[in-house]
Amino acid sequence: MADPRSSTVHARYPEHLRRQVDDYLSGLSFSVPDAREAAEATGTEGLVEAMRYSLLAGGKRIRPVLALATAESLGRDPADLMPSAAAIELIHTYSLIHDDLPAMDDDDLRRGMPTCHVVYGDDVAILAGDALFAEAVRLVCEEQGGGAHVQVGILRELSRATGVAGMVGGQYLDLKGAGAGGTDALAAMHALKTGRLMAVSVHIALVLAPPPPAADATYRAFAREVGLLFQIVDDILDVAGSEAEMGKAVGADERMGKVTYTSLHGMDRARELAAESHARAMALLADLPGPADDLAAIADTAFARQS
Ligand code: GRG
C-alpha cells in the first residue's frame, strides 16, 4: 500500500465536495422567511455574526465531506444530502465553541483565529453554540429532501450521536477523567466524544439511501473505524503537530493531564495503532459493492493529516 503520508494521497481529498460544503455554509444567514418572525428577530445580528465567525473560520469539513462521499458511493447526488451534512458541521462548530470556553478547555486559538469567546465574550459564545445546534435541526426540518421519514430518521441519528450516549456524554466523561480508567475506558470515551459525530456523517447517508443489510453493516463498521482513526491521530498531533498547521495550541492534553493514546501507549505504539486502524478502514471499503474512492481518500486524510 502506498504511504498515505505522501502528498499524492493528500491531493486526493475530495476538494470538490469540500468546496460545495463551503459554498453552502457561506450562504447560511439564519434568517426566517416569515416577515413578522424576522422583524421580531431584529437586534440579533451580533449573535448571527458570532455564529458565522466560527462557522466560516475554515476547517477541513471532514464530517460533511464524509456524509456527501457516502451518499455518492450509494449512488446519490451529494447535493441531495447537503442540508443534513451542513447541519453536522453546525453541530461540530457549536462543540468547538463550547469546548474552547474558559469553563472547558480555555483555548484562545481555533482554526488559526481567536476563539469565539475571545472575540465576542463568553456569554455570546455560549449562545452562538446553542443557536448553531438549533439551526442545525431547522436545516434538516426545512431543507432536507426525501420526506418526513428521511428527516425524522436523520434527526434521530443526529440526536443520538450528540446526546448523553454521544458527543456531550463523551465530553462529560472526558471532563471527569474517565479516560484514566485504562485502554478500554479511553476508547469508550473517545467513541462517544469524537467517534459518534464522525460516524453519524455516514449514518445519515444510510437513512437517505438505505443499502442492503450486508453493505449497511460494512458502512457502519467503516464509520466507527474512521472515528477511532481520527481520534488516535488527534492525540498524536497534540504532541507532535505544529501550532501553525493545527491553527490551535498544541500540548493541551498533556498540560491538562489528560489520558490520551500517546500518554497511554507511547508515541510509537500510537502511530502503529493509527496505521492498524487505517488498514482496517481500507479493508472495509474493499468489501463495499459500489465505488468508494472518495471515502478512501477521506480515510487517508484522517490518517495522514497534519492539522
Ligand atoms: C459539547 C462542549 C462539547 C464538546 C464536545 C468534540 C468535542 C466534544 C470537543 C472538541 C475538542 C476536540 C479538539 C476534540 C478532538 C477531536 C476534534 C473534534 C478535533 C477537531 O475537529 P477537526 O480536526 O477540526 O475536524 P476542523 O477545524 O478541521 O473542523
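Read the numbers this way: they start at 1 and go in the same order the structure lists the ligands and their atoms.
The cationic atom of Arg61 (NZ for Lys, CZ for Arg) does not lie both less than 6.0 Å from the six-membered ring centre of Tyr13 and within 45° of the ring axis.
Close approach of ligand 1 to Leu96 (heavy-atom distance below 4.0 Å) involves ligand atoms 10 (C). For ligand 1, the atoms lying closer than 4.0 Å to a non-hydrogen atom of Arg305 are 23 (O). Atoms of ligand 1 found under 4.0 Å from any heavy atom of Asp99, numbered from 1 in the order shown, are 2 (C), 9 (C), 10 (C), 11 (C). Per-residue contacts place Thr194 under 4.0 angstrom from the following atoms of ligand 1 (heavy atoms of the residue considered): 16 (C). Listed by number with element, the atoms of ligand 1 under 4.0 angstrom from any heavy atom of Gly59 are 26 (P), 27 (O), 28 (O). Which parts of ligand 1 touch Asp234 is read off a 4.0 Å heavy-atom cut-off, strictly below it: atoms 15 (C), 16 (C), 19 (C).
The nearest heavy-atom contact from the protein to atom 20 (C) of ligand 1 is His92 CE1, 3.9 Å. The protein atom (non-hydrogen) at minimum distance from atom 6 (C) of ligand 1 is Ser95 OG, 3.5 Å. Looking only at protein heavy atoms, the nearest one to atom 5 (C) of ligand 1 is Met167 CG, 3.5 Å. Looking only at heavy atoms of the protein, atom 13 (C) of ligand 1 is closest to Lys248 NZ, 3.6 Å. When hydrogens are left out, the protein atom nearest atom 8 (C) of ligand 1 is Gln171 OE1, 3.2 Å; that is the closest non-hydrogen contact. Ranking the protein heavy atoms by distance from atom 23 (O) of ligand 1 puts Lys60 NZ, 2.6 Å first.
If you look at Arg61 next to ligand 1, there are no close heavy atoms at all, none under 4.0 Å.
Residues Ile126 and Met167 do not share a hydrophobic cluster, defined by chaining ILVMFWY side chains whose heavy atoms lie under 4.5 Å apart. By the criterion of side-chain heavy atoms lying less than 4.5 angstrom apart, applied directly or through intervening Ile, Leu, Val, Met, Phe, Trp or Tyr residues, Leu101 is not grouped with Tyr94; the two fall into different hydrophobic clusters.
Between His265 and Tyr261, the ring-plane angle classifies as parallel under the 30° and 60° cut-offs.
When the salt bridge (Lys or Arg N to Asp or Glu O under 4.0 Å) test is applied to Arg52, no partner is found at least two apart in sequence or on another chain. Residues satisfying the side chain to side chain contact (heavy atoms under 4.5 Å, CB included) criterion with Leu192, sequence neighbours excluded, are Leu173, Arg196.
Judged purely by atom type and a 3.5 angstrom limit, Thr301 uses its side chain to pair as donor or acceptor with the backbone of Ala297. A donor-acceptor pair under 3.5 Å is formed between the side chain of Thr260 and the backbone N or O of Ser263.
The N/O atoms of Tyr94, backbone and side chain alike, include none that comes under 3.5 Å of an N/O atom in ligand 1. Between Arg111 and ligand 1, at least one pair of N/O atoms sits closer than 3.5 Å. Looking at ligand 1, you won't find any N or O of Gln231 less than 3.5 Å from one of its N or O atoms.
The CG atom of Leu90 sits 13.0 Å away from atom CZ of Arg63, with the distance rounded to the nearest 0.5 Å. Here Thr93 contributes atom OG1 and Leu96 contributes atom CG; the two are 6.0 Å apart, rounded to the nearest 0.5 Å.
Of the options Lys193, Arg196, Arg63, His98, the smallest heavy-atom separation from atom 14 (C) of ligand 1 is shown by Lys193.
The closest side-chain donor-acceptor pair between His190 and Asp174, if any, does not fall under 3.5 angstrom.
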